[in-house]
Amino acid sequence: MDDATKTKITDSLEEMIIELAPDANLRPMYGGTVVELETDNPKSRIGGFYVYADYVSFEFANGVQFEDPDGVLEGTGKFRRHVKLRSAGDVKTKTCTGFLDQAVALSQTN
């Protein structure tokens with residue numbers, strides 16, 4: 001995947017996050033960007049995104065609890081799930097907005 005595509009994907013994710021969670025804090029960490037709903041509060045961290053050679057991974061801290069009727073989420077860990085994005089269009093077609101909505105809602109119930 002070329003750098004322009006990676007940039008389009010990460011820009012789309014950032015715009016989506018700012019739109020759906022305007023108070024969220026995006027900060028560099030762990031070689032990617034983490035999303036915290038409260039600035040400098042690790043307990044409010046709902047996930048993040050990370051750029052790899054062939055895809056961008058949009059990860060969710062408690063993704064195992066999400067509804068995923070189309071089987072988009074990947075991973076087998078105890079808590080985390082992720083979506084592999086290989087094009088800017090994947091942000092929409094892989095329902096990232098719905099997963100982000102679930103992450104925000106879930107964080108508010110815990």
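Everything quoted here is computed from the prediction, not taken from an experiment.
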(message) For a 4.5 angstrom cut-off between non-hydrogen side-chain atoms, does M1 reach I9?
(response) yes

(request) I would like to know whether T33 and T10 meet side-chain contact (heavy atoms from CB on, under 4.5 Å); could you show each step before the answer? (result) CA-CA 9 Å; T33 301; T10 57; over 6 Å; no

(request) Take V83 and L73 through the test side-chain contact (heavy atoms from CB on, under 4.5 Å) and record every step on the way to the result. (result) CA-CA 5 Å; V83 178; L73 292 171; 3.6 Å; yes

(request) Say whether, by atom type as modelled, one donor and one acceptor occur between the side chain of K6 and the main chain of V56 under 3.5 angstrom. (result) no

(request) Taking all non-hydrogen atoms of both residues into account, name the closest pair between T109 and L106 and its distance. (result) OG1-O, 2.8 Å

(message) Can you tell me how far apart OG (S57) and CD (E74) are? Round to the nearest 0.5 Å.
(response) 8.0 Å

(request) Check E36 against D40 and note the closest heavy-atom contact, atom names and distance. (result) OE1-N, 3.1 Å

(message) Between L85 and C96, is there a side-chain heavy-atom distance shorter than 4.5 Å?
(response) yes

(message) Run L100 and I46 through side-chain contact (heavy atoms from CB on, under 4.5 Å) and show every step you take.
(response) CA-CA 9 Å; L100 181 60; I46 59 172; 3.7 Å; yes

(message) Taking G75's backbone N and O only, do any of them form a donor-acceptor pair with R81's side chain (distance below 3.5 Å, no angle check)?
(response) yes

(message) For A88 versus K8, what's the shortest heavy-atom pair and its separation?
(response) CB-CB, 4.0 Å

(message) Could you measure the distance from the OG1 atom of T5 to the CG atom of D3? Nearest 0.5 Å is fine.
(response) 9.0 Å

(request) Consider only side-chain heavy atoms of I, L, V, M, F, W and Y, link residues closer than 4.5 Å, and tell whether Y30 and L37 are in one cluster. (result) yes

(request) To the nearest 0.5 Å, tell me how far D90 CG sits from K84 NZ. (result) 12.5 Å

(request) Would you confirm whether Q102, through its side chain, and E67, through its main-chain N or O, come within 3.5 Å as a donor-acceptor pair? (result) yes

(message) Can you confirm whether M16 sits close enough to T97 that some side-chain heavy atom of one is under 4.5 Å from a side-chain heavy atom of the other?
(response) yes

(request) Name the orientation class of the two ring planes belonging to F49 and F58 (parallel below 30°, tilted from 30 to 60°, perpendicular beyond 60°). (result) perpendicular

(request) Might you point out which heavy atoms bring N41 and E38 nearest each other, and give the distance in Å? (result) ND2-OE1, 2.8 Å

(request) Can you see which heavy atom on G31 is nearest to which on Y50, and at what distance? (result) C-CD2, 4.1 Å

(request) Using a 4.5 Å cut-off on heavy atoms from C-beta on, say whether the side chain of V104 contacts that of L20. (result) no

(request) Show your working on side-chain contact (heavy atoms from CB on, under 4.5 Å) between F99 and V72 and close with a plain yes or no. (result) CA-CA 10 Å; F99 294 131; V72 173; 3.9 Å; yes

